[in-house]
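Because the structure is a prediction, the values reported are computed rather than measured.
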Amino acid sequence: MLRHLGYVAIARSLDISTGQTCRLRHATPERLRALIEANLVNLRRVLEFNAANAIWLYRISSDLVPFASHPVNQLAWWDEFGALLADIGAYVRRHRMRVSMHPGQFTVLNSLSPAVVRAAIDEVVWHARLLDALGVDTTAKIVIHVGGLVDGREPAIARFVATVRDLPDAVRRRLIVENDERLFTAEDVLEVSRATGLPVVFDWLHHRANPGTARTPADIRRVVTRCFATWGPADGVPKIHLSSQARGARPGRHADWVRVTDLLVFLAVAPRRTFDCMIEAKEKELALFRLRRDLARHDVRERGARPAAGRSSASRAAERRPVSPAPRPERGRVSAA
DNA sequence: AAACGTCAAGTTCCG
DNA sequence: CGGAACTTGACGTTT
């Protein structure tokens with residue numbers, strides 16, 4: 001049963017960014033400080049928008065803190081902006097929102113290169129530090145992939161497992177592992193989960209692109225049931241990723257919107273257990289709204305539905321991006337130095 | 001003001 | 001073996 005629908009990072013309705021950055025050669029402590037603050041202020045606005053639209057699941061951008069794991073950024077940002085972060089976290093808790101993060105493709109915990117592994121560790125560590133600074137519990141997760149497959153499945157998995165085992169508890173207990181569209185199937189990731197204890201986030205599009213041996217509805221149900229079983233009480237309800245195949249593109253490529261059929265087909269094979277569903281689509285929350293509308297036409301609703309918080313639907317409508325392009329607002333934007 | 005080339009990072013696969 | 005693709009917005013220089 002579906003609890004919450006969520007979306008990733010950008011609220012297209014708002015014309016603000018939580019991922020303002022700068023070029024490495026322009027990075028100075030002052031510049032980074034200004035960018036981080038602006039991104040945090042905008043994150044707070046996005047969360048308010050979410051609450052006003054009854055969206056209780058949201059993935060925070062990894063661009064929130066520019067160069068967070070790069071030596072150019074020596075700021076103790078978790079400290080400097082501790083009050084603001086705590087305030088944002090309190091807002092999340094007050095509205096019983098669930099937030100997550102997903103480090104980029106460069107985060108390869110199972111790389112053959114020690115330097116790459118070191119960088120990947122730094123990356124998951126800062127993501128965990130951010131969620132810790134918000135003061136959110138361990139249902140707020142960090143999504144990672146198993147990584148590369150250079151020297152074969154077993155050694156690649158073994159390196160991943162060894163690296164994860166040595167991570168600090170505070171980091172490891174936030175990690176979840178996702179099946180990908182080419183290299184590691186859901187069954188592979190279940191093996192990783194057995195060895196690490198990490199929950200498995202099941203990506204439905206990736207599974208269809210890379211199903212391994214789990215192809216029939218009965219097989220799929222078994223695999224999803226096993227993925228869901230990897231989520232313990234401290235992890236919150238299981239989560240899946242949902243997107244639709246972009247037409248004419250390579251398998252696994254996200255479409256701009258989500259076709260309702262893709263979720264309906266999943267619901268038909270899904271075990272009877274409550275789960276959250278993260279939408280990965282270019283049209284972001286607009287795809288969520290459209291999916292919600294389409295689901296309602298099939299009499300499917302989010303089980304965790306609660307009334308939108310904080311504002312009237314009129315002020316909500318006013319905040320949505322108008323049909324015609326609007327000028328960029330100055331507020332919340334770091335002006336070009 | 002708009003357009004467009006470029007941007008921290010890795011790995012895979014194509015040509 | 002070199003380079004594009006992945007996926008993608010935002011920066012910042014140029015027009």
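Under 4.0 angstrom from either OP1 or OP2 of C:dA10 there lies at least one side-chain N or O belonging to A:Ser17. The phosphate of B:dG10 has neither OP1 nor OP2 within less than 4.0 Å of any side-chain N or O from A:Thr107. Regarding contacts with the backbone of C:dA10, every side-chain N or O of A:His26 stays at 4.0 angstrom or more from both OP1 and OP2. One finds no side-chain N or O of A:Arg182 lying less than 4.0 angstrom from the OP1 or OP2 phosphate oxygen of B:dT12.
Geometric assessment of A:Arg259 against the ring of A:Trp257 yields a negative cation-pi assignment under the 6.0 Å and 45° thresholds. At least one cation-pi condition fails for A:Arg96 and A:Trp56: the charged atom is not both under 6.0 angstrom from the six-membered ring centre and inside a 45 degree cone around its axis.
A ring-centre distance under 6.0 Å is found for A:Phe266 and A:Phe275. Here the two rings, on A:His241 and A:His254, have centers that are 6.0 Å apart or farther.
In this structure, the CG atom of A:Leu183 is 11 Å from the C1' atom of B:dC13, given to the nearest Å. What separates CZ of A:Phe67 from C1' of B:dC7 is a distance of 8 Å, to the nearest Å. Atom CD in A:Gln105 sits about 13 Å away from atom C1' in C:dG9, given to the nearest Å. Rounded to a whole Å, the CG atom of A:Leu109 is 13 Å from the P atom of B:dG10. In this structure, A:Arg153 atom CZ and B:dT12 atom C1' are separated by 14 Å, rounded to whole Å. One interatomic measurement links the two molecules: CG of A:Asp151 to C1' of B:dG10, which rounds to 15 Å at whole-angstrom precision. Look at CZ on A:Arg31: it is 9 Å from C1' on C:dC11, rounded to the nearest Å. Rounded to an integer number of Å, the gap from A:His127 NE2 to B:dA9 P is 17 Å.
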Identify each donor-acceptor pair in which a side-chain atom of residues 147-159 of chain A lies under 3.5 Å from a protein atom, sequence neighbours left out, and give them as a table.
from, atom 1, to, atom 2, distance (Å)
A:Asp151, OD1, A:Arg159, NH1, 3.4
A:Asp151, OD1, A:Arg159, NH2, 3.0
A:Asp151, OD2, A:Arg159, NH1, 2.8
A:Arg153, NH1, A:Leu183, O, 2.9
A:Arg153, NH1, A:Asp188, OD2, 2.6
A:Arg159, NE, A:Asn110, O, 2.8
A:Arg159, NH2, A:Asn110, O, 3.3

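B:dA9 sits 23 Å from C:dC1 when the P atoms are compared, rounded to a whole Å. Separation of the P atoms belonging to B:dA8 and C:dT13 is 13 Å when rounded to the nearest angstrom. For the C1' atoms, the distance linking C:dT7 with B:dA2 amounts to 24 Å, nearest Å. Taking the P atom of each, B:dC4 and C:dT8 are spaced 22 Å apart, rounded to whole Å.
Judged by centroid separation below 5.5 Å and plane tilt below 30°, A:Phe106 stacks onto the base of B:dA9.
When each of A:Arg25 and A:Gly19 is assigned the nucleotide of DNA chain C with its nearest heavy atom, A:Gly19 is the one assigned upstream, toward the 5' end. If you find the closest nucleotide of DNA chain C to A:Leu35 and to A:Lys284, the one lying nearer the 5' end belongs to A:Lys284.
The residue A:Val150 sits close only to the backbone: its heavy atoms come under 4.0 Å of sugar-phosphate atoms, none of a base.
With A:Leu130 as the partner, the side-chain contact (heavy atoms from CB on, under 4.5 Å) test is satisfied by one option alone out of A:Val136, A:Val99, A:Leu85: A:Leu85.
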Can you give me the N/O atom pairs linking the protein to nucleotides 1-6 of chain B at distances under 3.5 Å, or say none if there are none?
from, atom 1, to, atom 2, distance (Å)
B:dT6, O2, A:Arg23, NH2, 3.3

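By the 6.0 Å contact criterion, CD on A:Gln245 is enclosed, its count of non-hydrogen atoms from other residues, nucleotides or ligands being greater than 12. By the neighbour-count criterion of 12 heavy atoms within 6.0 Å, atom NZ of A:Lys284 is densely surrounded, having more than that number from other residues, nucleotides or ligands.
In summary, the side chains of A:Thr185 and A:Asn210 do not present any donor paired with an acceptor at a separation below 3.5 Å, with no hydrogens or angles considered. Side chains of A:His127 and A:Ser62: a donor on one and an acceptor on the other come within 3.5 Å.
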Problem set entry | Trace of the side chain to side chain contact (heavy atoms under 4.5 Å, CB included) decision for A:His4 with A:Cys277 | CA-CA 6 Å; A:His4 299 318; A:Cys277 175; over 6 Å; no
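For A:Leu149, whose side chain is taken as the heavy atoms from C-beta onward, the closest listed nucleotide among B:dG10, B:dT12, C:dG12 is B:dT12. The side chain of A:Gln20 lies closest to C:dC11 when the candidates are B:dG10, C:dC11, B:dT12. Of the candidates C:dT7, C:dC11, B:dA8, C:dT7 carries the atom nearest the A:Arg253 side chain, counting heavy atoms from C-beta on.
In DNA chain B, stems built from 3 or more consecutive Watson-Crick or G-U wobble pairs, each with both distances under 3.5 Å, span B:1-7 with C:9-15, B:10-15 with C:1-6.
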